[in-house]
Amino acid sequence: MAAATNPGITTLNRYFELSNTAGQNQRDLDELLGLFARDAELESARGEIANGEEGLKDFFRTFFARNVELHHVWNTEMTGPDRVRVDWAVAGRAADGHVFALSGHDDATVDQHGHIQTFTVRPTEVRPD
């Protein structure tokens, strides 16, 4: 995890910390949602689009109902004045009990207050040998 030297890095690092616990803890979910700007847009790994406060609430409620346990590792870097890239890997347990592992990167923009304005999830395609 990169040192928190910029509001964008601080925000994205906190997002990933909370992503590990927000599915089991309402306070952490509320804090995670508070990292986003009111008019933020998120594009998920499945291509789902969530817009604004209510759209993000609905998205994360569904996401954490589907993914009941998550453990992330990540590296965060600024790629522009308001752009952040996070390379990540996650191991998790789905609601049906199966375990999974994914890796990829997220691209985000942050506003002048460090809130996430746009957030795009890009998993790495895994190809069988």
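Remember, predicted model here, so these are calculated numbers, not experimental data.
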Partners of R14 by salt bridge (Lys or Arg N to Asp or Glu O under 4.0 Å), sequence neighbours excluded? E17, E31
Nearest 0.5 Å, what's the CG-CG distance between D82 and N6? 10.0 Å
Tell me every residue that passes side-chain hydrogen bond (donor to acceptor under 3.5 Å, both in side chains) with N25, counting only those two or more places apart in sequence or in another chain. none
Heavy atoms of A94 and F100 approach each other most closely as N-CE2, 3.8 Å
Other residues, nucleotides and ligands only: do more than 12 of their heavy atoms fall within 6.0 Å of CZ on R93? no
Do T124 and W88 have side chains that approach each other closer than 4.5 Å (heavy atoms only, starting at C-beta)? no
Is the backbone N or O of E43 less than 3.5 Å from a side-chain atom of T120, with the two atoms forming a donor-acceptor pair by type? no
Tell me whether T76 contacts the main-chain N or O of N13 through its side chain, where contact means a donor paired with an acceptor under 3.5 Å. no
Do the ring planes of F63 and F60 sit parallel (below 30°), tilted (30 to 60°) or perpendicular (above 60°)? perpendicular
Are the side chains of T21 and L29 in contact, using a 4.5 Å heavy-atom criterion? no
Interatomic distance, CG@L12 vs CG@D107, rounded to 0.5 Å, equals 10.0 Å
Side chains of L42 and I49, heavy atoms from C-beta outward: is any pair under 4.5 Å? no
Quick one: list whatever passes salt bridge (Lys or Arg N to Asp or Glu O under 4.0 Å) with R38, sequence neighbours left out. E53
D87 and W74: side-chain hydrogen bond (donor to acceptor under 3.5 Å, both in side chains), yes or no, with the steps? CA-CA 6 Å; D87 294 314; W74 66 94; over 6 Å; no
dist I9:CD1 -> E77:CD (nearest 0.5 Å) comes out at 8.0 Å
Is D111 reaching over with its side chain to a backbone N or O of H115, donor-acceptor style, under 3.5 angstrom? yes
side-chain hydrogen bond (donor to acceptor under 3.5 Å, both in side chains) between H105 and R122: does it pass, once the steps are laid out? CA-CA 5 Å; H105 74 272; R122 296 288 179 236; 5.8 Å; no
Just checking R83: does its CZ atom have more than 12 heavy atoms from other residues, nucleotides or ligands closer to it than 6.0 angstrom? no
For S103 and V90, what are the C-alpha separation, side-chain angles and deciding distance, and is it a side-chain contact (heavy atoms from CB on, under 4.5 Å)? CA-CA 6 Å; S103 64; V90 61; over 6 Å; no
Side chain proximity check, P7 to V110, heavy atoms < 4.5 angstrom: no
Between S19 and F64, what is the shortest heavy-atom contact and its length? O-CE2, 3.6 Å
Roughly how far, to the nearest 0.5 Å, is CZ of F119 from OH of Y15? 4.0 Å
Restricting to ring-ring contact (aromatic ring centres under 6.0 Å, His included), what partner residues turn up for H72, sequence neighbours left out? F16
Do T79 and V84 touch side chain to side chain, with heavy atoms closer than 4.5 Å? no
Measure the spacing between CZ of R46 and OG1 of T62 and express it to the nearest 0.5 Å. 10.0 Å
Just one of T118, I116, T11 clears the side-chain contact (heavy atoms from CB on, under 4.5 Å) bar with F36, so which one? I116
Could I get the full list of salt bridge (Lys or Arg N to Asp or Glu O under 4.0 Å) partners for D28, not counting sequence neighbours? none
Residues which pass salt bridge (Lys or Arg N to Asp or Glu O under 4.0 Å) with D58, listed by chain and number, not counting sequence neighbours: R61
How many angstroms lie between atom CD of E41 and atom CG of N51, to the nearest 0.5 angstrom? 4.5 Å
